[in-house]
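Keep in mind that the numbers below use all heavy atoms, side chains included, and drop hydrogens, waters and symmetry copies. Each ligand, and each atom within it, is numbered from 1 in the order the structure gives.
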Amino acid sequence: MSPTSVALIGAAGHGAWHLRAIDALGERVRLVATCDVQPGFDYTDHRVMLAERKPEVVVVCTPPHTHLPIALDVLDAGADLLLEKPPVLSLADHRRLAEAARGRVLQVGFQALGSPTLPLLAERVGEVVSASVAGAWWRPDSYWARSSWSGRRGRDGALVNPFAHALMQALAITGIRPPWTIGLDRYRTRASVEVEDTATLRLSVPDGRSVFVAVTLCSGDFVPGDITVAGRDGTAEVGYTQDRLGGQVVPGRIGLLSNLLDHRDHDAPLLVPLERTEPFTALAEAILAGDPPALLDPARLVRREDGVEIPGAAALVRRAAAERAHFHEIGAFQ
Ligand SMILES: NC(=O)c1ccc[n+]([C@@H]2O[C@H](COP(=O)([O-])OP(=O)(O)OC[C@H]3O[C@@H](n4cnc5c(N)ncnc54)[C@H](O)[C@@H]3O)[C@@H](O)[C@H]2O)c1
């Protein structure tokens with residue numbers, strides 16, 4: 001079989017990761033163009049690139065608010081698409097994209113949905129009732145200054161961007177979709193950043209299933225992203241970043257570009273079709289429409305040379321996730 005021609009739009013940021021993933025596919029693919037509005041790549045205008053190079057598959061790794069117009073151009077040019085997460089930021093855009101993608105292959109870059117832990121969960125816990133996520137990471141001041149959309153209201157935030165995989169994973173594990181009840185408790189540590197760096201989220205649907213998420217980007221101690229899954233027959237701990245189930249790392253994660261090619265070539269089931277991510281888009285839209293998060297009193301924070309730490313953040317996040325309680329419900333930040 002001749003190699004599939006692939007192009008990358010948005011090559012300078014996280015796109016470098018995709019270049020390595022494309023490279024790792026060896027002779028199965030042929031990289032025909034890289035494109036970025038920054039200099040140093042084959043093209044600065046994706047429309048020119050699409051017209052001249054006619055790639056069969058395009059990876060789009062540009063800022064989230066640019067995804068829709070670029071994705072529409074890619075689909076219009078007749079290419080299949082691996083679109084980074086979050087695919088779009090509103091349900092209206094989601095539906096527009098779904099309409100345009102009819103007859104084409106569109107995979108969304110929620111790579112943790114390629115985890116081999118997911119199919120094993122049902123036999124461990126039975127019918128899933130709830131998923132509760134704890135994540136405590138550290139991001140320096142420079143993280144919030146790296147791009148024009150970083151930290152901007154309506155475009156970014158700990159829940160919809162760095163912890164997007166945690167949310168998507170919990171949605172996929174529980175299978176819950178709107179209509180749902182959403183509770184949010186969001187905080188920020190920097191006046192210059194308009195979005196949350198620390199938050200809890202509770203989602204519940206009428207049949208009793210629920211998702212709880214407690215995360216921060218201001219932790220000195222690292223909690224990678226642990227999901228406690230409760231089912232009718234038991235519970236299981238899943239580490240979604242490392243494909244850990246209980247105490248064991250499960251090998252065999254399926255790469256999303258490789259899966260997209262398998263779908264094109266052999267009709268393998270697509271792991272992350274756009275429709276699978278619609279609950280995430282609904283959730284992202286609701287979170288992004290929220291009021292600006294509360295600004296934490298600097299007296300509660302430890303100022304480090306490169307950023308801000310919330311003392312005891314990892315323990316706090318673990319407690320909130322274990323009790324499925326918002327930060328304000330356990331007396332934090334009052
Ligand atoms: N799947 C993951 O784990 C993961 C990790 C990080 C980022 N992401 C996603 O990847 C995407 C990019 O994130 P990032 O952190 O690299 O953002 P970024 O802003 O640092 O970089 C995006 C790149 O796109 C380029 N760009 C912007 N507009 C463009 C256009 N019209 N045409 C061509 N290039 C353009 C920018 O110059 C930049 O090089 C986002 O959707 C983000 O959520 C996913």
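- In this structure, Arg95 pairs ionically with Glu278, as a charged nitrogen and a carboxylate oxygen lie closer than 4.0 Å.
- Electrostatic pairing of Asp197 and Arg188 does not count as a salt bridge here, judged by no charged N lying under 4.0 Å from a carboxylate O.
- Thr117 and Asp243 share no side-chain donor-acceptor pair at under 3.5 Å.
- His18 and Glu84 form a side-chain donor-acceptor contact under 3.5 Å, judged by distance and modelled atom types alone.
- Partners of His65 according to the side chain to side chain donor-acceptor pair (under 3.5 Å) rule, which considers only residues two or more places apart in sequence or in another chain, are Arg155.
- The side-chain tip of Arg304 points at the ring of Trp138 from less than 6.0 angstrom away and within 45° of straight on.
- Ligand 1 lies under 4.0 Å from heavy atoms of Ile9, Gly10, Ala12, Gly13, His14, Asp36, Val37, Gln38, Cys61, Thr62, Pro63, Pro64, His67, Ile70, Glu84, Lys85, Pro86, Gly109, Gln111, Arg146, Ser147, Trp149, Asn161, His165.
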